4 protein chains.
Amino acid sequence: MSPTDPVKDAVVQARRRQILEAAVIQFSEKGFHKTTIKDIARRAGIADGTIYNYFKNKQDLMVAMVIQIAELAPLMTTVQEMATHRSVEDILSMVLHNRLGLMSENLSYARAIFPQVIAQSELRAKFYDEMLKPNMRLVEQMLEHYVQQNAIRTLDSRIATRIVFAIIFGSLFLTMLGDDFAIENRSAFVEGATTFVRAALASMQADSEETAQ
Amino acid sequence: MSPTDPVKDAVVQARRRQILEAAVIQFSEKGFHKTTIKDIARRAGIADGTIYNYFKNKQDLMVAMVIQIAELAPLMTTVQEMATHRSVEDILSMVLHNRLGLMSENLSYARAIFPQVIAQSELRAKFYDEMLKPNMRLVEQMLEHYVQQNAIRTLDSRIATRIVFAIIFGSLFLTMLGDDFAIENRSAFVEGATTFVRAALASMQADSEETAQ
Amino acid sequence: MSPTDPVKDAVVQARRRQILEAAVIQFSEKGFHKTTIKDIARRAGIADGTIYNYFKNKQDLMVAMVIQIAELAPLMTTVQEMATHRSVEDILSMVLHNRLGLMSENLSYARAIFPQVIAQSELRAKFYDEMLKPNMRLVEQMLEHYVQQNAIRTLDSRIATRIVFAIIFGSLFLTMLGDDFAIENRSAFVEGATTFVRAALASMQADSEETAQ
Amino acid sequence: MSPTDPVKDAVVQARRRQILEAAVIQFSEKGFHKTTIKDIARRAGIADGTIYNYFKNKQDLMVAMVIQIAELAPLMTTVQEMATHRSVEDILSMVLHNRLGLMSENLSYARAIFPQVIAQSELRAKFYDEMLKPNMRLVEQMLEHYVQQNAIRTLDSRIATRIVFAIIFGSLFLTMLGDDFAIENRSAFVEGATTFVRAALASMQADSEETAQ
DNA sequence: TATGAATGAGATTTCATTCAT
DNA sequence: CATGAATGAAATCTCATTCAT
């Protein structure tokens, strides 16, 4: 068996997934610190010690989760595909839809990782560098592109990007804080947010056109 | 000395504040769990045991912080004062300015409490009921008021409210995640967000007027 | 390995016994509260934490001791075996011999548990219900039996029972208080007590016979 | 004010009594270790620190209680008064009545001190030397006296003494263990015990007379 | 003398991690 | 690889005692 035996590799990956799934559930229910390795092992149906064959330590489980979240989120390709064909508004609508959907589908992940991502600078840096920054950069560049084409103006693209991401993470926040309305009317809320962003862009575009005249 | 002796009361309050300040700093730097009672005591310049003369236990420090944050935030009166004199856009601008300012001034508090507020349902409920819900309700009612006056239309006031609060908390989130731009260009960002919201409202209002014709 | 694996079970029982023995010695020497978990662990030759794999907490060690004392004391069967063949005096002699012997052989246990059995109502109830009450009831019923056969009279069997048990526990008490004579002349004392009880019964029986005539 | 100022002395004694009473109640209810100095101070209606003006430390409260119990129990004089006038049986009856009565009247004291008296060798020695030993010695000597007068025989006076005291402490024990019958039928039980001891003595005396003939 | 806030030593308990089987 | 008992560091919290007022 070579060190890259594909069968063994698949087994290892399956085990890692099994453990991570158990950990996500536990962390999201009880928080990182109140969850014990025993809790995770029980839920995964394995022995405590086995976890240490797949993860360096408890903290490493969190790191793996952040990485997995980052990998789970291929905003890039989707956006790039659309970028050539659509208007700014369409792109931003799509981003909002896509991200908000992703987050509510993975609410357990969010509850599991965000407390630690906020609290631990190491994890924070990882999340920012591997997930947030690339995605923001992408949207930013796209907006720059449209600005240069005079399709939109006035608003600094870095600020606009941050407003969009603020709406995304803010929505997640409201959901995590248990706001019933945001939870129960998710699709209406997503529509509303999209309309809102579209309206703002349209308005500002109109303004800039007027100014340009 | 009666149980409500004012001098003693002031001393007690001062001690509580001294301890809470030390705790906020430590929690925001190292997180709730990695901060020990000894850490807090040292930073406050007192003995470990003294903390327990002012707070029931470590968790009680968190609860006190959440309560203090809620008390620190008199959105209500401010909004109500303005509500009679200004336009919707002005009100929302004010809310955004006010809340975003408050949050970045209390970033330590945010870093200290949010990980636990997300992770602990008890704390979450306290934060939601005492801070978030009343403030959202207030903005919601104000929007309802303008809707009835035909000053704005189309957008469900509950959704609009949530978008505004999402922008607020989302911005806080980006800041807590260490987004340099949001931190370094706070005032520009606040301006941008305000402009954005104004533009969206204006646009939607225009739409509704057209529709109404 | 099933949850009732006999080998594992034996190992667990052995560990529990090892820990309990260490605890009994320490408790009897220093008392429950002055004995630390570390003391017990050291004497048992294990780590502090290991104790908690076998006992819920420190108090649980006391409970286990009381239960063990109760199980250690099969007065019942012994008495019942004899009841058909012997006289009252023989039975009571046997009970005295048996109990006094048991107690001085387990003086460490007595010193370990009685302070807590007296002080804690929960433990007191357990000791009374599982050890004292059944044994007293047994003697009581036996005396009732002889009373109905006219073999003895006059004395209320519940009172007689309590006198016998008072002698037993009182002797234990004197021993625990360090009365040298009671300790050094145990067998003479046991003989004396037996003679004493026999004499009392004989005398009262004689009285009742005279009265009956 | 001289160091033996009687007024001051009386005040000091009153304070000590006040504190000790509070301590006895608390110790008997919650046990020595679960009772805090604060508990005692509250019940006595004074401040924590004040207790330390009257007692060296918490342990000293126990010592004071044992001394007080010893002083409370003037068996000596009573016995000595009677010794010249009465029979052995009367004396022993009196001793039983007196001691059993004393103990049930001071059940709180018993519950407060015995757990510690058993557990702490220092306290045990004090109790034995100052309370138990003198009283046992007294009864012993009295029995010796009657033995020499041929009023009684056969039974070793040291053993007889211990049986009597075993009955006394054993009764206390049953009471402390919560035996309802012993508690509710105290006087019947005391009568029974007296009858029992009388009967035993009478019987043994008869035996010895027969043997002597 | 009385007070009660401050102290800090010390005990219990938890639990991540290791490692022999 | 899997297991889970053993480990012991570390943290919270209590409370007897002190001492400035």
Side-chain angles (χ1 to χ4, degrees), chain A residues 1 8 11-12 15 32-42 44-61, chain B residues 1 5 8 11-12 15 19 32-42 44-61, chain C residues 1 5 8 11-12 15 19 32-42 44-61, chain D residues 8 11-12 15 19 32-42 44-61:
Chain A
M1 276 194 233
K8 187 185 244 178
V11 172
V12 167
R15 254 300 145 82
F32 181 73
H33 275 98
K34 286 194 183 160
T35 296
T36 67
I37 291 289
K38 209 180 220 49
D39 288 336
I40 299 170
R42 283 238 185 84
I46 56 175
D48 303 16
T50 306
I51 290 176
Y52 289 85
N53 290 333
Y54 297 90
F55 295 92
K56 212 167 73 240
N57 51 34
K58 195 184 173 188
Q59 172 67 17
D60 195 35
L61 285 166
Chain B
M1 277 193 229
D5 173 30
K8 183 186 257 180
V11 172
V12 167
R15 255 297 144 84
I19 294 168
F32 181 72
H33 278 99
K34 285 197 183 161
T35 296
T36 68
I37 290 292
K38 210 181 264 311
D39 288 337
I40 300 169
R42 261 202 216 117
I46 56 174
D48 302 16
T50 306
I51 290 176
Y52 291 88
N53 291 337
Y54 296 90
F55 296 92
K56 217 169 61 241
N57 50 35
K58 197 183 172 188
Q59 171 68 15
D60 196 34
L61 284 167
Chain C
M1 276 190 230
D5 173 30
K8 183 185 256 180
V11 172
V12 167
R15 254 299 143 82
I19 294 168
F32 180 72
H33 278 99
K34 285 196 184 164
T35 296
T36 67
I37 291 292
K38 210 180 265 309
D39 288 337
I40 300 169
R42 260 200 218 119
I46 58 175
D48 301 17
T50 306
I51 290 175
Y52 291 87
N53 291 336
Y54 296 90
F55 296 91
K56 215 169 60 243
N57 51 34
K58 198 182 172 188
Q59 171 68 13
D60 194 35
L61 284 167
Chain D
K8 189 185 241 178
V11 172
V12 166
R15 252 302 144 82
I19 293 168
F32 180 72
H33 275 97
K34 286 194 184 162
T35 296
T36 67
I37 291 291
K38 207 179 223 46
D39 288 337
I40 299 169
R42 282 238 185 83
I46 58 175
D48 303 16
T50 307
I51 290 176
Y52 289 85
N53 290 333
Y54 297 91
F55 295 91
K56 211 167 71 236
N57 51 34
K58 196 182 172 188
Q59 172 67 14
D60 194 36
L61 285 166

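In this text, all values refer to a predicted model and were calculated from it rather than measured experimentally. Per chain, numbering begins at 1; letters A, B, ... match sequence-line order.
Annotation for C/Ala41 and C/Ile51: closest pair N-CD1, 3.8 Å, computed over non-hydrogen atoms. Considering all non-hydrogen atoms of both residues, B/Leu61 and B/Ile19 come closest at CD2-CG2, 3.9 Å.
DNA chain E contains the following stems of three or more consecutive Watson-Crick or G-U pairs, with both distances under 3.5 Å: E:2-21 with F:2-21.
Looking at heavy-atom distances under 4.0 Å, B/Val12 makes no contact with the nucleic acid at all. Within the nucleic acid shown, A/Tyr54 comes within 4.0 Å of sugar-phosphate atoms alone, with no base atom in reach, counting heavy atoms only.
If you measure from atom CG of B/Leu61 to atom C1' of F/dA11, you get 15 Å, rounded to the nearest angstrom. Between B/Ile40 atom CD1 and E/dA6 atom P the separation is 16 Å, expressed in whole Å. Following rounding to the nearest Å, B/Phe32 (CZ) and F/dA11 (P) show an atom-to-atom distance of 13 Å. Separating the CZ atom of B/Phe55 from the P atom of F/dC13 is a distance of 13 Å, rounded to the nearest angstrom. We find that CG of D/Asn57 is positioned 8 Å from P of F/dT18, with the value rounded to whole Å. Between the P atom of E/dA16 and the CD atom of A/Gln59 lies a distance of 12 Å, rounded to the nearest Å. In this structure, D/Asp39 atom CG and F/dA16 atom P are separated by 8 Å, rounded to whole Å. Whole-Å rounding puts the B/Asp60 CG to F/dT12 P distance at 14 Å.
With sequence neighbours excluded, the residues that form a side chain to side chain contact (heavy atoms under 4.5 Å, CB included) with A/Asp39 are A/Gln26, A/Lys30, A/Thr35, A/Thr36. By the side chain to side chain donor-acceptor pair (under 3.5 Å) test, D/Arg15 pairs with D/Gln18, sequence neighbours left out. Residues forming a side chain to side chain donor-acceptor pair (under 3.5 Å) with D/Lys34 (at least two apart in sequence, or on another chain): none.
Under 4.0 angstrom from either OP1 or OP2 of E/dA2 there lies at least one side-chain N or O belonging to D/Arg15. The phosphate of F/dA10 (OP1 or OP2) has no side-chain N or O of B/Lys38 nearer than 4.0 angstrom.
For the segment residues 44-53 of chain C, the set of residues with a heavy atom within less than 4.0 Å of an atom of DNA chain F comprises C/Ile46, C/Ala47, C/Gly49, C/Thr50, C/Asn53, in numerical order.
Within the structure, side chain to side chain donor-acceptor pair (under 3.5 Å) pairs that include any residue of residues 49-60 of chain B comprise B/Gln59-B/Gln120 (at least two apart or interchain).
Comparing B/His33 and D/Ile37 by the nucleotide of DNA chain F whose heavy atom lies nearest to each, the residue mapping closer to the 5' end is B/His33.
Listed nucleotides: E/dA11, F/dT12, F/dC1. Nearest to the side chain of B/Lys58: F/dT12.
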